[in-house]
Protein chains: 2
Amino acid sequence: MDKSDEMTQINRTWSDYLHMHGLRNTPERRALLEAICLIDGLFTPESLSDYMRESRNFMVSRATVYNNLQHFIQAGLVRKVLMAGDIRYERAWNRKSCIRLVCTNCGTVTETSDDKVRRQIEDLRKKRFTMTGWTLNVYGLCGKCAAALKRRQKKMMNKNSIDKK
Amino acid sequence: MDKSDEMTQINRTWSDYLHMHGLRNTPERRALLEAICLIDGLFTPESLSDYMRESRNFMVSRATVYNNLQHFIQAGLVRKVLMAGDIRYERAWNRKSCIRLVCTNCGTVTETSDDKVRRQIEDLRKKRFTMTGWTLNVYGLCGKCAAALKRRQKKMMNKNSIDKK
DNA sequence: GTCAGTGCAAACTTTTTGCAACTAC
DNA sequence: GTAGTTGCAAAAAGTTTGCACTGAC
């Protein structure tokens, strides 16, 4: 799907959603959706608001941001994710699938991919569930933390053997 | 691994962690870890505190709960997860791998499993990353919401064709 | 014209911080 | 004895709500 087809699809999803719920297409809603298209990666209600004001020259109140983020989520356009212990938002399209390596020690997250895993997941067919996307969080230790842990354990063992002398 | 081996492993991980960071083994910490072993499923700082007070007859202050949850996370014993838009905590052992079907419309989560997917994920070997567990979130529509959406769309189309007459 | 949407401020919830008293080591 | 730990209360951060005014339909 190319970029303009994609935008058509998104706008359609959004106006369908508005219609079906008897909601109105306000300038604030258009501007917020536009900003979300332009932001790359994760955002918070505050960072979205900042981006709107600073880069798009459009003021939106906090209440409006929160209110509409909920609508975007309901419409399937935005998703909440947990990143290093905090809630973040992201576009739900065009980021449908990713593997995240989450270090349980320092909290850093690295995104990666793997064709075999991807294929296997997308072949998943569950009864009474229509998949639109997925994220795989892999927990463990990043290189730095694993090395640091090893060093500390070694130090500990030396200390213990000295203590025993 | 049987239950007692598992507890030995957990206690060891925890006391190693305490040692390595120069931390102390207080009654509060022991009681909190014990409670987390006993709680089945997800919890919040508040529900944990309630459980401690009501079922274990042990008062812990909020500050202590938050402080120690961070330590448990660092030690790899507890994990934060996002459930229906809210942050929850869970034991990080014994729940290492699971597939969650998350409905993006109503927020319900169903846990499921799939051997092929599991095997493929556990075969993942990333450079400079040591895997200890994973969770796969699959986003989409649950049976109920998919059906409701279909009904609404149908109704919409009927309405439109009537309007045009 | 109607009713949903907006901004603002206040309220509420959740999490963090500062500090004096306490206690594990 | 010392330094990490705790509970409490206050502060900070994040989110929701009530309300009068505005504007999309």
Value in whole Å for how far the [atom2] atom of [N] lies from [atom1] of [X]:
| X | N | atom1 | atom2 | value |
| --- | --- | --- | --- | --- |
| B:Y17 | D:dG4 | OH | P | 14 Å |
| A:R88 | D:dA13 | CZ | P | 14 Å |
| B:M52 | D:dG7 | CE | C1' | 14 Å |
| A:L18 | C:dG5 | CG | C1' | 12 Å |
| B:H71 | C:dT15 | NE2 | P | 17 Å |
| B:D86 | C:dT15 | CG | P | 10 Å |
| A:F72 | C:dG5 | CZ | P | 12 Å |
| A:E46 | D:dA12 | CD | P | 15 Å |

Set of ring pair (Phe, Tyr, Trp, His ring centres under 6.0 Å) partners for A:Y17, sequence neighbours left out: A:W14, A:H21, A:H71

Short question: side chain of [X], backbone of [Y] - any donor-acceptor pair under 3.5 Å?
| X | Y | answer |
| --- | --- | --- |
| A:R128 | B:A146 | no |
| A:N68 | A:T64 | yes |
| A:S15 | A:N11 | yes |
| B:T132 | A:Y139 | yes |
| A:S49 | A:P45 | no |

Nearest to side-chain heavy atoms of B:R29, which nucleotide of C:dG7, D:dG14, D:dT6: D:dT6

Sugar-phosphate only, base, or nothing, as touched by B:N68 at under 4.0 Å among non-hydrogen atoms: sugar-phosphate

Short side-chain N/O contact from A:T64 to OP1 or OP2 of C:dG7, under 4.0 Å: yes

OP1 or OP2 of C:dT6 under 4.0 Å from side-chain N/O of A:N67: yes

Pairs where residues 52-67 of chain A contributes a residue and the test salt bridge (charged side-chain N to carboxylate O under 4.0 Å, His left out) is met, not counting sequence neighbours: A:E34-A:R56, A:D50-A:R53

Contact pattern, 5' to 3', of nucleotides 15-25 of chain D - B, S or - by protein heavy atom under 4.0 Å: BBB-----BBS

